[in-house]
2 protein chains.
Amino acid sequence: MEYSSETEKKIVEAATTVFLEKGMDGARMEEIARNAGINKALLHYYFRSKEKLYQEVLRNEVRHFYLRFFNSISPVDEFSEFLKHFIYNYIDQIKENPQVVRFIFWEIGRGGKLVRSVLREILSNQHTRIPHLISDKINKAIAEKKIRPVDPQHLLFSLIGMSIFVFIAKPVIETLFEDIDVNSSSFIEKRKSEIFNLVWFGLKI
Amino acid sequence: MEYSSETEKKIVEAATTVFLEKGMDGARMEEIARNAGINKALLHYYFRSKEKLYQEVLRNEVRHFYLRFFNSISPVDEFSEFLKHFIYNYIDQIKENPQVVRFIFWEIGRGGKLVRSVLREILSNQHTRIPHLISDKINKAIAEKKIRPVDPQHLLFSLIGMSIFVFIAKPVIETLFEDIDVNSSSFIEKRKSEIFNLVWFGLKI
DNA sequence: GTCTATAATAAGATAGAC
DNA sequence: GTCTATCTTATTATAGAC
C-alpha cells in the first residue's frame, strides 16, 4: 500500500470510505473525487476505471482483515490463555472497523470470485497458513488432553461467527432488544467474557 | 403476500430473485421485467418505482426470515432438547435460503433504517416477542439449575452467529480450507452437532 | 498532473396507442 | 392491462487545453 504520489493516496482513502459505505454498485465516482478533493477526470487518470479502483480498495481491505485476524493470534502456549487472547483481540480488531466485515460479505454477495482470488494471492505470498496454525494449536491441546476432542475447523468457525455477529447485525439487535447499545464498551466487554466462558466450559475436560 | 393478479405475483417473484442476487443498487428493472416475462412499463404500472418494488421484496424477506426463526423454536420443556431443536432447525432453515441472510446484511449496510422499520412493524403486529421468548426459556433453565448462569441475550447471539457464519462466508471458508464443501450434507450435519456439543457442554452444570 | 467540457451510454420513468 | 417508443437524468469515461 505504498503509493507514489500524495494524490494517489488521497484517492484510495476517499474510495475506501465511499466503497465501504455504499458498496461497489452504490458508490459514485463523483463522490469519491469530491471526497479526495479532486475531479472525476483525475480519478480516471490514476485508475483507468471504477472497477480497477474498486479492486484496489478490496485488495487492501481483505489484506487488512487478514492481518487483523493474524494479530489476534497469541504465541502463548497455555490453551485457555491462547483462547482468551484470540477472542478478546479479535473482537477489539473488529470493533475498530466493523464496516470491513460487512464490505467483504457484500463482495461475497456479488459472487465471491474477487475475494477468493485476493485470498489466494495472500496465501501464496505467505508461508504460514494462519487458519491452519490455529487448527494445529487446537489439535495439540486435544492431544495433550487439555480439552475434549472437537473438530478444530468448526471451533474456529464458531469463534469467528460469535465474534462478528453482533457487529454486522447491530440494527437488528438494537431493534429487538431496545436496552442494548452494541458499540458501548460495557456490551462489548460482556460479549468477550460470555463467549470465552461458553467456549472454555464447553471445551475443558 | 396475497397478490391480486398473476402478473403481480410473477413480478414479485422475479424481483425477489434479482434483488437477492444483486442487491438494491446492482439490480436492474430491465432484468426484473425480463425475468417476469413482461416489460419495464408494466413494472411501473404495478409498482410506481424501483424503491417501492424493493421495499415490497424486503418486507417479504424479512418476514420470512423472522418466520424461519420462529419455526426453530420448540415447545419442548427439557432444555437440552429445546437447544438441540433450535440449532438443528435454524441451520436447516438457513440452508434452504442462505441468500436471504446476506440480503438482509446488505440492506443493513445501506443504513438499516428499512430493516428496523419492517422489524418494528412485525413486532407490533405480534403479541409474542419471539426473541424474548427464547430468553425466558434460558432464564427458566438457569432458575431450575439445569444450566449455569449465563446472559440469555448473549447466548442467543452466539447461537445465531455460529449458525449463520459458514453460510455467508462460504467462498472464504472454501478458499482457506480446500477440503470443505459448505453445502454438503456431511459438513452441515457435522456443523449442527459441533455447535450443539460446544454449547451444551458449555452450559450444563 | 490537473482541469473544464463533453461524449456515450445506461437506467429509471412516462406518454400514448391498443 | 399490456405494449412500443421516448423522455430525462445520472453516471462512467475521455478529449483536449493548460
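Chain naming here is simple, since letters A, B, ... match the order of the sequence lines and numbering starts at 1 in each.
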What is the separation between atom [atom1] on [X] and atom [atom2] on [N], rounded to the nearest whole Å?
{"X": "E30(A)", "N": "dA10(C)", "atom1": "CD", "atom2": "C1'", "value": "17 Å"}
{"X": "Y45(B)", "N": "dT4(D)", "atom1": "OH", "atom2": "C1'", "value": "17 Å"}
{"X": "D25(B)", "N": "dT11(D)", "atom1": "CG", "atom2": "C1'", "value": "13 Å"}
{"X": "I11(A)", "N": "dT2(C)", "atom1": "CD1", "atom2": "C1'", "value": "11 Å"}
{"X": "L53(B)", "N": "dA13(C)", "atom1": "CG", "atom2": "P", "value": "10 Å"}
{"X": "K10(A)", "N": "dG1(C)", "atom1": "NZ", "atom2": "P", "value": "13 Å"}
{"X": "I32(A)", "N": "dT11(D)", "atom1": "CD1", "atom2": "C1'", "value": "12 Å"}
{"X": "E31(B)", "N": "dG12(C)", "atom1": "CD", "atom2": "C1'", "value": "15 Å"}

Does a donor on one side chain sit under 3.5 Å from an acceptor on the other, for [X] and [Y]?
{"X": "E13(B)", "Y": "Y3(B)", "value": "no"}
{"X": "Q93(A)", "Y": "Y88(A)", "value": "no"}
{"X": "Q126(A)", "Y": "S124(A)", "value": "no"}
{"X": "R191(B)", "Y": "S158(A)", "value": "yes"}

Nearest of dT12(D), dA13(C), dT2(D) to any side-chain atom of M29(B)?
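Per side-chain heavy atoms of M29(B), the pick is dA13(C).
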
Considering only dT14(C), dA13(D), dG1(C), which nucleotide approaches the side chain of L42(A) most closely?
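Comparing dT14(C), dA13(D), dG1(C) against the side chain of L42(A), the answer is dG1(C).
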
Whether N39(A) side chain and L42(A) backbone form a donor-acceptor pair below 3.5 Å:
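Checked: pair present.
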
Side-chain N or O of [X] versus OP1/OP2 of [N]: is the shortest distance under 4.0 Å?
{"X": "S49(A)", "N": "dT12(D)", "value": "no"}
{"X": "R28(B)", "N": "dG12(C)", "value": "yes"}
{"X": "Y46(B)", "N": "dT2(D)", "value": "yes"}
{"X": "N39(B)", "N": "dT2(D)", "value": "no"}
{"X": "T7(B)", "N": "dG1(D)", "value": "no"}
{"X": "H44(B)", "N": "dA13(C)", "value": "yes"}

K40(B) or K40(A), whichever maps to the more 5' nucleotide of DNA chain C:
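The 5'-side residue here is K40(A).
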
At under 4.0 Å between heavy atoms, what does A33(B) touch on the DNA or RNA strands: base, sugar-phosphate, or nothing?
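If one applies the 4.0 Å heavy-atom cut-off, A33(B) turns out to touch nothing in the nucleic acid.
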
Taking any heavy-atom pair under 4.0 Å as a contact, classify L43(A): base, sugar-phosphate, or nothing.
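L43(A): no heavy atom of the nucleic acid under 4.0 Å.
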
